[in-house]
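Notes follow the structure.
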Amino acid sequence: MKYKKNNKFIIHGGKQLHGEVFVQGSKNASLPIMSACLLSKEKIVLKHIPDIVDVHNMILILKKLGVKIIKRNGNLYINSQQANGEKLDCKLAKTMRSSLFLLGSMLSRFKTATITAPGGCKIGKRPIDIHIQALKKLNVKVFNDGELIHFDASKAKASKVKLRLASVGATENIIQFSSLLEGKTVIENPAKEPEVVDLANFLNSMGAKITGAGTNKITIYGVKSLYGTIYTPAGDRIATGTILIAVAFAGGKVEIKNSIPEQNEKLLQILVKMGCKIKIKNDIITISKTSSLKSVGEIATGYYPNFPTDLQSMMLALSCVASGKTCVSENIFENRFLTIPELEKMGANITKIHEKQVVVNGVKMLTGAKVKALDLRGGASLVLAGLYAKGVTEVSNAHFIDRGYDHLEDVLTKLGADIRRI
Ligand code: EPU
């Protein structure tokens with residue numbers, strides 16, 4: 001990993017992308033799966049785990065909890081036998097939202113846990129009430145103590161839990177917590193995102209009894225213990241989407257391997273409507289773009305299988321160079337239009353309708369500028385816009401992008417982009 005805090009990307013726009021990419025393992029599947037490793041005292045091997053800052057921080061947090069982890073050739077060798085912690089390292093936990101995903105596995109393993117409000121990108125308020133309500137429903141006691149929240153699961157009981165919103169993290173926490181909880185736990189209105197299914201598949205490969213992941217109701221029969229496993233999380237659907245949008249911006253033809261095309265169905269439909277050509281064969285998506293783009297009219301984010309919020313900033317950026325108007329609505333997070341002022345520095349024409357909706361008026365060209373990544377996906381959208389823009393784009397705060405992309409500049413360079421890290 002060659003990431004440093006004050007890195008920048010320098011991009012000379014105008015180069016087409018050609019070639020093939022083997023897409024990185026999913027960030028949002030790898031992180032909860034790593035946390036769920038606390039649930040077994042046997043050896044676990046996780047394969048094709050992305051080399052990204054969030055994974056690095058998760059490794060540090062787990063090590064502080066006494067977990068042994070060796071990272072070799074993209075694989076993690078994990079042994080939680082000696083795990084002993086019950087208090088998350090506050091400084092590390094504040095670096096990312098997924099530290100919260102440790103709550104379910106820590107509580108299951110140690111019966112008590114203390115956490116601080118988790119960190120992560122500033123894309124919305126991101127409260128944790130759904131996690132807390134769901135755990136309370138399972139008879140976990142919760143005590144607030146200033147910045148710290150203490151949990152006591154010594155009297156926990158399996159039950160039916162209905163989530164107020166289909167929160168990905170809360171669903172993943174309850175799945176982890178109840179895998180070893182005696183009796184039957186039912187999650188109603190769970191998140192249906194593919195990463196939830198990946199977590200359930202991982203736990204089932206260790207002997208858990210989880211059914212219904214990916215549907216409206218998940219049932220978990222607690223088992224006595226979980227054994228070791230060798231597991232490969234799916235390819236990252238958002239990294240796949242990022243490459244697709246990069247080609248839609250820059251032009252060219254790229255074959256993306258290790259993808260699950262149906263997970264990107266909404267994006268693929270939109271890209272075709274905008275003028276890209278898509279071919280699908282098994283786990284390979286081939287995208288080519290040879291002519292200019294036209295607006296798709298409307299993009300609205302929603303829970304899976306709707307259009308993912310994690311691709312919204314990138315599609316908003318792409319709409320900036322599609323002829324016509326595009327109405328973009330963000331329905332998951334309150335603050336995911338952070339990158340608009342940066343895109344405007346590059347010549348984008350965007351009108352805010354209200355907090356959750358903007359209208360993009362397509363322009364012919366963007367111009368390179370000095371811009372700042374303010375969150376992970378918004379940062380990626382600036383890099384992609386830079387591939388298209390005339391002149392040089394400098395994207396500072398690369399550390400936001402490094403949280404979720406495994407050396408994005410290397411992936412793009414291999415495809416012919418002119419991008420370097422300084
Ligand atoms: N929410 C609450 N209360 C809660 C939990 C969530 O009100 O207790 C709200 C959130 O504020 C948000 C909505 O529910 O408005 C959905 O949040 P969710 O809990 O589903 O998101 P998350 O688990 O915090 C994960 C991904 C995000 C992704 C979202 C939605 C990980 C590590 N993070 O976050 O990924 O945007 O699901 O799909 O899995 C990213 O990769 O860039 C990223 C932000």
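Computation of the quantities below employed the complete heavy-atom set of this structure, encompassing side-chain atoms and omitting hydrogens, waters and symmetry-equivalent molecules. Ligands are counted one by one from 1 in listed order, and the atoms in each one are counted from 1 as well. As the structure is a prediction and not an experimental result, all values here were calculated from the model.
- Contact check for Lys352 versus Ile350: no side-chain heavy atoms found under the 4.5 Å cut-off.
- Inclusion of Asp310 in the set of residues having an N or O under 3.5 Å from an N or O of ligand 1 is warranted.
- For ligand 1, the polar-atom distance check finds no N/O of Leu31 at less than 3.5 Å from any of the ligand's N/O atoms.
- Residue-level proximity to ligand 1 for Thr309 is carried by the side chain, the only part with a heavy atom below 4.0 angstrom.
- Taking any N or O of Glu172, backbone or side chain, none lies under 3.5 Å from an N or O belonging to ligand 1.
- Comparing Ala170, Pro127, Gly379 against atom 5 (C) of ligand 1, the shortest heavy-atom distance belongs to Pro127.
- Classification of the Phe101-His131 ring pair by plane angle, with boundaries at 30° and 60°, yields parallel.
- Taking every heavy atom of Gly169 and a limit of under 4.0 angstrom, the matching atoms of ligand 1 come to 19 (O), 23 (O).
- With contacts defined as side-chain heavy-atom distances shorter than 4.5 Å, the pair Met34/Leu46 qualifies.
- Ligand 1 places these atoms under 4.0 Å from at least one heavy atom of Arg336: 36 (O), 40 (C), 42 (O), 43 (C), 44 (C).
- Between Asp375, Leu199, Val196, Ile332, it is Ile332 that holds the heavy atom closest to atom 15 (O) of ligand 1.
- At a cut-off of 3.5 Å, with distance as the only test, a side-chain donor of Ser205 or Thr229 sits close to an acceptor on the other residue.
- When non-hydrogen atoms are compared, ligand 1 lies under 4.0 Å from the side chain of Arg377 (C-beta onward) but not from its backbone.
- Asn331 contributes no side-chain N or O that, together with a main-chain N or O of Gly302, makes up a donor-acceptor pair within less than 3.5 Å.
- Ligand 1 has no atom lying under 4.0 Å from any heavy atom of Gln133.
- Listed by atom number, the atoms of ligand 1 under 4.0 Å from Leu376 heavy atoms are 42 (O).
- Applying the 4.0 Å criterion to heavy atoms of Ile128 picks out, from ligand 1, the atoms 4 (C), 8 (O).
- Using a distance-only test at 3.5 Å, with no hydrogens or angles considered, a donor-acceptor pair links the side chain of Asp375 to the main chain of Gly378.
- Polar contact with ligand 1: absent for Leu165 (N/O pair, distance under 3.5 Å).
- Summarising the geometry of Gly241 relative to Asn264, their closest heavy-atom pair is N-ND2, 4.3 Å, with the distance given to 0.1 Å.
- By the 4.0 Å heavy-atom criterion, Gly404 is excluded from the residues contacting ligand 1.
- At a 4.0 Å heavy-atom cut-off, ligand 1 does not touch Tyr304 at all.
- A salt bridge is absent between Lys27 and Glu195; no separation between the charged side-chain nitrogens and carboxylate oxygens falls under 4.0 Å.
- Remark: Asp402 engages Arg421 in a salt bridge, criterion side-chain N to carboxylate O under 4.0 Å.
- Contact annotation: the side chain of Ile285 never approaches that of Ile243 to less than 4.5 Å [non-hydrogen atoms, C-beta and beyond].
- Using a 4.0 Å cut-off between a side-chain N of Lys or Arg and a carboxylate O of Asp or Glu, Asp310 and Arg336 qualify as a salt bridge.
- Only the side chain of Arg164 comes within 4.0 Å of ligand 1, counting heavy atoms alone; its backbone N, CA, C and O stay farther away.
- The distance from ligand 1 to the heavy atoms of Lys27 drops below 4.0 Å at these ligand atoms: 40 (C), 41 (O).
- Distances between N or O atoms of Phe333 and those of ligand 1 include no value under 3.5 Å.
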